[in-house]
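Basis for what follows: all heavy atoms, side chains included, without hydrogens, waters or symmetry-related copies.
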Amino acid sequence: MKRIFVCSPFAGDIARNVKVAEALCRRVMRNGHAPFAPHLLYPTFTDDSVPEQRETGISCGLAYMECCDEVWAFTGNGISSGMRRELDRAGQLGKPILEIAEV
């Protein structure tokens with residue numbers, strides 16, 4: 001079972017973006033893998049509207065990316081600044097990136 005880092009937008013339309021992330025996690029699981037979506041975890045105990053807390057949440061997610069096998073990115077609505085940072089880090093780590101336009 002591969003460990004998949006789920007990359008999709010969070011800020012903006014949070015309710016819609018959470019549904020997209022959840023759908024992407026379900027897709028990962030249907031493919032027999034284990035998803036990790038930091039933006040579904042860290043905002044439950046940090047305040048994403050506080051820059052320092054947002055930065056901490058993103059940094060924690062990036063730390064977990066190191067142990068993931070692949071990154072699956074939802075790019076159907078463009079790439080947010082947080083996603084850009086995650087995709088850049090994935091490239092630095094040599095992680096395979098699967099771009100998904102529809103969930």
Applying side chain to side chain contact (heavy atoms under 4.5 Å, CB included), run through His39 and Val6 and close with a yes or a no. CA-CA 9 Å; His39 49 312; Val6 173; 4.3 Å; yes
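- Atom CD1 in Ile4 sits 5.5 Å away from atom CH2 in Trp72 (nearest 0.5 Å).
- Considering CG of Asn31 and CE of Met1, their distance stands at 11.0 Å, rounded to 0.5 Å.
- Counting only distance, with no hydrogens or angles, the side chain of Asp69 and the backbone of Arg3 share a donor-acceptor pair below 3.5 Å.
- Using a 4.5 Å cut-off on side-chain heavy atoms (C-beta onward), Ser59 and Arg85 make contact.
- Under the 4.5 Å side-chain heavy-atom criterion for ILVMFWY residues, no single connected hydrophobic cluster contains both Val20 and Phe10.
- For the residue pair Thr56/Glu52, the side-chain donor-acceptor check at 3.5 Å is not satisfied.
- Summarising the geometry, atom SG belonging to Cys25 is positioned 13.0 Å from atom NE2 belonging to His33; distances are rounded to the nearest 0.5 Å.
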May I have the step-by-step check of side chain to side chain contact (heavy atoms under 4.5 Å, CB included) for Val28 and Lys2, ending in yes or no? CA-CA 9 Å; Val28 169; Lys2 291 182 180 176; over 6 Å; no
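- Contact check for Val50 versus Arg54: no side-chain heavy atoms found under the 4.5 Å cut-off.
- Going from atom OG of Ser8 over to atom CD of Glu86 covers 8.0 Å, rounded to the nearest 0.5 Å.
- In the hydrophobic clustering (ILVMFWY side chains linked at under 4.5 Å, chained through shared members), Met65 is joined by Phe5, Phe36, Leu41, Tyr42, Phe45, Ile58, Leu62, Tyr64, Val71, Ile79, Met83, Leu87, Leu93, Ile97.
- When the options Ile14, Asn17, Val18, Thr75 are evaluated for a side chain to side chain contact (heavy atoms under 4.5 Å, CB included) with Pro9, the one that passes is Asn17.
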Any chance you could lay out the side chain to side chain contact (heavy atoms under 4.5 Å, CB included) test for Glu70 and Lys95, step after step, and finish with the verdict? CA-CA 5 Å; Glu70 296 178 4; Lys95 302 291 183 184; over 6 Å; no
Could you go step by step and tell me if Glu22 and Leu40 meet the side chain to side chain contact (heavy atoms under 4.5 Å, CB included) rule? CA-CA 8 Å; Glu22 289 172 343; Leu40 293 182; 4.0 Å; yes
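- Residue Glu66 places its CD atom among more than 12 non-hydrogen atoms of other residues, nucleotides or ligands, all under 6.0 Å distant.
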